[in-house]
Structure formats: structure tokens, C-alpha cells
Amino acid sequence: MTTVPTSTRRTSSEQAIDSFLRYLRERNASSHTIKAYTGDLDAFAGYLGERDLRKIDHVAVRGFLSQLYDKGLSKTSVARALAAVRSLYRWLAQEGMVEQNPAKLVSTPRLPKKLPRVPTIEEMNAVLDGKMPEAAAFPERDSLMLELLYGCGIRNSELVGIDLDDIRLSAEAILIRGKGKKERYVPFGGSAKAALGIYLPWRQKLLATLKKTSPALLLNQRGGRLTTRSVGRIVKRIAVAKGLSPEVHPHTLRHAFGTHMLEEGADLRAIQELLGHERLATTQRYTQLSVKHVMNVYDQTHPRAK
């Protein structure tokens, strides 16, 4: 009889975690969530060792979080690990493997409320208007990319997922595939339409030169679909060249979209729909950004505030 070496034998906790992660993949959970949960739950399984996770109480969960703090993890990372453990136990309860969720009895670390620095409307116009800087390797594509990120408020992953067939030029709308493969139509304005008109012939010319075909709207110089990493790098390079903070990334433009829409009087529900937020509470974060803007305007302009 062949025995499995101890180093490769999966504990009962690891096997349960494997099943949970498989369930998440089947439910089309985002790749970012699965990657984060995998790391956090591997750490949890390592902490448990041979202990059965079905017999774990809230004291043990607190012990796990304490170990993460001892390793130097930030409050944000510890809060994410706790969320992963809670989700695991929620699933175990659904499967009838546990009766209660011990992680629910553990309070989430209090996180500092840090609002992202959002470029002003004037700063965004300065980036989008005029010529692309020399840092832009493919100016026609990069201009369109920025117009879509800021003009439509879409996520980086949604941007690179757009196919040419998703563009509805006559309706001035794009079919966007969001988190969990949920679809929504997002309108685009005249600036994005003009950028599309300039980019599409260049795209066609590139593919003809390379003798390739691709369904993707945004291509790299080799004719392949642009990646989220490339988009992040390009956005940062152009932003810095145009005088913005080097901390600008694609999600910054999404924040700017939501904040500026609210500042200009858009309805919160409409912004929620455009951004593809499942919960209104997520969208309400932009009211904090907007209130901050209003307070600054008040401080700078009201005669009794000076």
C-alpha cells in the first residue's frame, strides 16, 4: 500500500477551501477576488494546521488575525482576510457543514476613511484636450482609451474587454461586461465618438500590416488585446507628462467620472447605473468626495468663511 507523503497530503481544511474556491469560479466571481481569497485562505489553513475548521470558534479566528498583525500586515489586509474567512464559513453553512459562522462574531478592523485624490474637471480637460504627449506610444489609441475611462466611468478590466462589435455607434453606447459577467449599456459623448473615428482606421491599418484579425477594440502594437497592466502603465505615463500626480491610475478616472457627474448635478441612481454598482452605498462614496469639494468652494468664496 502506497502512503501519501505528509508534505503533499491536503488537510481537511485545505480540501474544504479548495471546494469553496471552485464554487467561486463556477459562480463567475472576479479573478481579483479569487486570487485574494486564495492567498488569505491558504494563510488561514496554515494557521489551523491539522485542526478541523468545522470546530473553530471566534477566539481562533481572532488568533489568526493576531498572527497576521504580528507578521506586519496592514489593517486593510487583515480586514480582507477576515472577509475571506467570513465568506468561507457562509458557504460552509449553506452546504450544511457548520451551524454558525464564527467569523461573524469578530469585528472588522477599523479602517481609516481615506478618500482618493480626484483630478478636477479643469485638470481632466487639460489631459484630454490638445495633443497627446510624446510619452504616448500610440496616440490615437491612447486618446480613445482615456476618453472611455473618464467619459464612460468604466473599470480597467471592462475597458480591455470591449470588442469592436460592442460599439453601437448610431446609439452612441457601448455594451460593457462588468463584474460577475453582468452586462450594461453605457453611453459615450461626442469626444469619445470623435476619438473612435480617428482610432478605428489606424486599428484597421495595423491589423492589415500585421496580417492579423482581432475582435478586441483596443490593441497593442503586435495586434493583440491590450492588457489591464498595459493600460495602467500608459495612463500613469500620460498623466505625469500632462502634469498630474504619478499616483493616477485607471480607477482614478472612474472616480473622477462619478465625482464630476455628481458635482454637475447628476442623480445618484443614474450614476450607480452608469458605474455598474450593485449597491447604492458604493455610489454614495462619491457624495463624500463632492461634499469635500463643496466645502473647499465655500471656504474659498464665501465672505464670512474667510
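Computed from a predicted model, the values in this text were never measured in an experiment.
Judged purely by atom type and a 3.5 angstrom limit, Asn220 uses its side chain to pair as donor or acceptor with the backbone of Gly223. A donor-acceptor contact shorter than 3.5 Å links the side chain of Ser87 to the backbone of Ala83. In this structure a side-chain-to-backbone donor-acceptor pair under 3.5 Å is missing from His58 to Asn101.
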Derivation and outcome, side chain to side chain contact (heavy atoms under 4.5 Å, CB included), residues Leu73 and Tyr69: CA-CA 5 Å; Leu73 268 69; Tyr69 281 125; 5.9 Å; no
Residues Leu41, Leu88; criterion side chain to side chain contact (heavy atoms under 4.5 Å, CB included); working and verdict: CA-CA 8 Å; Leu41 294 175; Leu88 168 67; 4.0 Å; yes
Worked verdict on Val235 versus Val248 for side chain to side chain contact (heavy atoms under 4.5 Å, CB included): CA-CA 7 Å; Val235 167; Val248 167; 4.0 Å; yes
Full working for side chain to side chain contact (heavy atoms under 4.5 Å, CB included) between Met261 and Leu274: CA-CA 11 Å; Met261 288 279 288; Leu274 290 167; 3.6 Å; yes
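The heavy-atom pair separating Lys193 from Leu169 by the smallest distance is NZ-O, 4.0 Å. Here the closest non-hydrogen pair linking Phe257 and Gly151 is CE1-O, 3.5 Å. The minimum heavy-atom distance between Val240 and Pro246, with the atom names listed, is CG2-CA, 3.6 Å. Taking all atoms of both residues into account, the shortest heavy-atom contact from Asp40 to Ala84 is CB-CB, 3.9 Å. Taking both residues in full, the closest heavy atoms of Leu253 and Tyr150 are given as O-CD1, 3.8 Å, listed atom of the first, atom of the second, then distance. Considering all non-hydrogen atoms of both residues, Arg225 and Ile162 come closest at NH1-O, 3.5 Å.
By the 6.0 Å contact criterion, CZ on Arg54 is open, its count of non-hydrogen atoms from other residues, nucleotides or ligands being 12 or less. Crowding of Glu247 atom CD: a count of heavy atoms from other residues, nucleotides or ligands under 6.0 Å not exceeding 12. Around the CD atom of Glu99, the shell of radius 6.0 Å holds no more than 12 heavy atoms that belong to other residues, nucleotides or ligands. When the shell of 6.0 Å around CZ of Arg25 is examined, it contains more than 12 heavy atoms from other residues, nucleotides or ligands. More than 12 heavy-atom neighbours from other residues, nucleotides or ligands sit within 6.0 angstrom of CD on Gln94. Gln204 CD: 12 or fewer foreign heavy atoms inside a 6.0 Å radius.
For the 3.5 Å distance criterion, the side chains of Ser143 and Tyr199 fail to qualify, holding no donor opposite an acceptor. With no hydrogens or angles considered, no side-chain donor-acceptor pair links Arg80 and Tyr37 at under 3.5 Å. A donor atom on one side chain and an acceptor atom on the other are not found under 3.5 Å apart for Arg62 and Ser107.
Taking the six-membered ring for Trp and thresholds of 30 and 60 degrees, Trp91 and Phe20 have ring planes inclined between 30 and 60 degrees apart. A tilted orientation is assigned to the rings of Phe64 and Tyr47, their planes being inclined by 30° to 60°. Between His255 and His251, the two ring planes are perpendicular [angle over 60°; tilted spans 30° to 60°].
Distance check: Ser12 OG to Lys55 NZ gives 9.0 Å after rounding to the nearest 0.5 Å. In this structure, Ser13 OG and Asp42 CG are separated by 11.5 Å, a value rounded to the nearest 0.5 Å. With rounding to the nearest 0.5 angstrom, the OG1 atom of Thr209 is 11.0 Å from the CD atom of Gln221. Separation of atoms CD (Glu158) and CG (Leu148) is listed at 11.5 Å; rounding is to 0.5 Å. Going from atom CD1 of Ile56 over to atom CG of Leu48 covers 4.5 Å, rounded to the nearest 0.5 Å.
In this structure, Arg141 and Leu226 have side chains that are in contact, with non-hydrogen atoms separated by less than 4.5 Å. Within the 4.5 Å cutoff, the side chain of Asp52 has no heavy atoms near those of the Thr11 side chain. The shortest side-chain heavy-atom distance between Ile34 and Ser30 does not fall under the 4.5 Å cut-off. Looking only at side-chain heavy atoms (C-beta outward), Arg86 and Thr108 come within less than 4.5 Å of each other. Within the 4.5 Å cutoff, the side chain of Arg177 has no heavy atoms near those of the Lys182 side chain.
The pair Asp142-Arg237 does not meet the salt-bridge criterion, since no charged nitrogen lies less than 4.0 angstrom from a carboxylate oxygen. A salt bridge does not link Asp129 with Lys242: every distance from a Lys NZ or Arg NE/NH1/NH2 to an Asp or Glu carboxylate oxygen is 4.0 Å or more. Between Glu273 and Arg184, none of the side-chain N atoms (NZ, or NE/NH1/NH2) sits under 4.0 Å from a carboxylate O, so this pair counts as no salt bridge.
Both Phe188 and Leu164 belong to a single network of hydrophobic side chains, linked directly or stepwise wherever heavy atoms of I, L, V, M, F, W or Y lie under 4.5 Å apart. Using a 4.5 Å cut-off between side-chain heavy atoms of Ile, Leu, Val, Met, Phe, Trp and Tyr, with links allowed through other members, Tyr185 and Ile167 fall into different hydrophobic clusters.
With Pro250 as the partner, the side-chain contact (heavy atoms from CB on, under 4.5 Å) test is satisfied by one option alone out of Leu146, Ile154, Asn156: Asn156.
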